[in-house]
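What you see below is based on every heavy atom in this structure, not just the backbone, and it leaves out hydrogens, waters and symmetry mates.
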Amino acid sequence: NRSASSSTASASAGRPSLFSVIGACAVAAAVAFLSVEWWAAPILLAASALVALLIAWLARRRLGGITGDGLGATQVLAELAVLIAIAGTE
């Protein structure tokens, strides 16, 4: 098993609360709806969510869990997906 040990800094950070996750999603939705046409915002949110779910699935399958590198890759790829979706809606 190649997952992070319980003595690492990432293990001590724990999981975010449901309240934090809902708050982050609400902020992302607000930014999306304020940034583009109303009909394009759901496309942007779906693109970033799809990327995040795919990376989470791959990280759990290949690495045994989420790592800092996986989170960084998720951020970059979700941003890329949103930019591609914006370009497609123009």
Item to complete: List, by chain and number, the other hydrophobic cluster members for W39, where Ile, Leu, Val, Met, Phe, Trp and Tyr join if side-chain heavy atoms come within less than 4.5 Å, directly or indirectly.
Response: W38, I43
Discussion item. Among residues at least two apart in sequence or on other chains, which ones pass side-chain contact (heavy atoms from CB on, under 4.5 Å) with V76?
Written reply: none
Item to complete: Linking directly or through intermediates, with side-chain heavy atoms under 4.5 Å: list the remaining ILVMFWY members grouped with W57, chain and number order.
Response: L54, L58
Item to complete: Sequence neighbours left out, what passes side-chain contact (heavy atoms from CB on, under 4.5 Å) with A59? Give chain and number order.
Response: I66
Worksheet entry | Fellow cluster residues of V82, listed by chain then number, with links counted only when side-chain atoms sit under 4.5 Å apart | V36, L44, I86
Response to the item:
For Q75, the side-chain contact (heavy atoms from CB on, under 4.5 Å) test, sequence neighbours excluded, returns E79
Response to the item:
CG (L80) and OG (S48) are apart, to the nearest 0.5 Å, by 12.0 Å
Fill in: Minimum-distance pair of heavy atoms, taken over all atoms of V51 and A81
CG2-CB, 3.7 Å
Discussion item. Rounded at 0.5 Å granularity, tell me how far CD1 in I55 sits from CG in L50.
Written reply: 10.0 Å
